[in-house]
Amino acid sequence: MASGTVARFVPDPLDERSVILEVDGAEQSHVRLEKQEEIFYEYLHRAANVIDAHFAPGRPLRALHLGAGALTLPRRLAVTRPGSEQVVVDIERELIGFVLKHVPLPDGAHVHQVVADAREHVQALLEAGGPRELFDVVVLDIFTGPDSPEHLADGGFYREMARLLGGDGLLIVNLGDDEGMRFAREQLRVLQGVFADVLATGTSELFTTRYAGNIVAAAARTPFPGSLCEAVTAAGPHPGTTLAGTDLDGFAAQSPGSA
């Protein structure tokens, strides 16, 4: 690619019907070719389950994806929620085109592609008076722990994204982090300062802060139903933990390795 980034698809050695997107030699995304609604990566599976627990089954959604990868989550929404209108934003000019050339979207998918910095695109929408229709879901999947872009990891950006959400809208944030989960816990505290309700879900060991991995945060402008945490945990993958309210307060504030 023009930026010097090298992207390629390689076969999944464990499943001949799947491919893996590698970016600069690092495994980045996974797609099941014949069943694009199925998600292999654990954290994205959890993100999809949060969406399904929050919205009625089959309801078409307006979704904004900040960070493209192999468009794994947009593919799932296109299949499981026909009629969904989606926008995918990535700063890498050639990545989305490369992905779609090699692994086309499912039939009937409505996905608009934008090449831009995530925050600049959100600000452009707001400066234009907001999107034509507010979004049901905004997904931020860019963070990589302490190396995350600083301009995307502050309360100002979260407040901007909140303005794009409809009444029952949902912000999903992938919080990839190192052992200690310092960055993830900091971002959860920032989210709590902006949104009316926040939950965090992930494989249970991550909440000890002793391991690296991905915690998925979900935030809304109105309180979540009391049953949402239980539904998200029950949906898996297992073993999993979902925290909200005072339980999330405790995790967000704890010292690394104190669980």
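Excluded from the calculations below are hydrogen atoms, water molecules and symmetry mates; all remaining heavy atoms, backbone and side chain alike, are included. Numbering starts at 1 and runs along the sequence shown. For clarity, every value in this text was computed on a predicted model and none was experimentally measured.
Residues D52 and R59 are not paired through a salt bridge, judged by the lack of any N-O separation under 4.0 Å between the basic side chain and the carboxylate.
Note that the CG atom of L175 and the CG atom of L188 stand 5.5 Å from one another [nearest 0.5 Å]. Atoms OG and CG, on S148 and L140 in that order, are 9.0 Å from each other to the nearest 0.5 Å. To the nearest 0.5 Å, atoms CZ (R46) and CD1 (I39) are separated by 12.5 Å. The CZ atom of R81 sits 13.5 Å away from the CD atom of E37 when rounded to the nearest 0.5 Å. In this structure, the separation between OG1 on T201 and CZ on F207 is 6.0 Å, given to the nearest 0.5 Å. Interatomic distance, L77 CG to F55 CZ, rounded to the nearest 0.5 Å: 10.0 Å.
The aromatic rings of Y41 and H30 sit tilted relative to each other, their planes meeting at an angle between 30° and 60°. Ring planes of H102 and F9: tilted class, angle from 30 to 60°.
Judged by distance alone, the side chain of D178 and the main-chain N or O of A212 form no donor-acceptor pair under 3.5 Å. Proximity of a side-chain donor or acceptor of H54 to a complementary backbone N or O of D168 within less than 3.5 Å is detected.
Judged by distance alone, the side chains of Q123 and E160 do bring a donor and an acceptor atom under 3.5 Å apart. Between the side chains of Q86 and H65, at least one donor N or O sits under 3.5 Å from an acceptor N or O. No hydrogens or angles considered: a donor-acceptor pair under 3.5 Å links the side chains of Q192 and D249. Side chain to side chain, D117 and H151 meet the donor-acceptor criterion of an N or O pair below 3.5 Å.
When hydrophobic clusters are built by joining Ile, Leu, Val, Met, Phe, Trp and Tyr residues whose side-chain heavy atoms come closer than 4.5 Å, directly or via intermediates, Y158 is grouped together with L125.
The stretch residues 137-158 participates, sequence neighbours left out, in these salt bridge (Lys or Arg N to Asp or Glu O under 4.0 Å) pairs: R119-D154.
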Show your reasoning for whether salt bridge (charged side-chain N to carboxylate O under 4.0 Å, His left out) applies to R62 and E85.
CA-CA 5 Å; R62 281 184 49 78; E85 297 289 338; 5.8 Å; no
Could you walk me through whether E38 and R32 pass the salt bridge (charged side-chain N to carboxylate O under 4.0 Å, His left out) check?
CA-CA 7 Å; E38 295 184 358; R32 286 192 162 126; 3.8 Å; yes
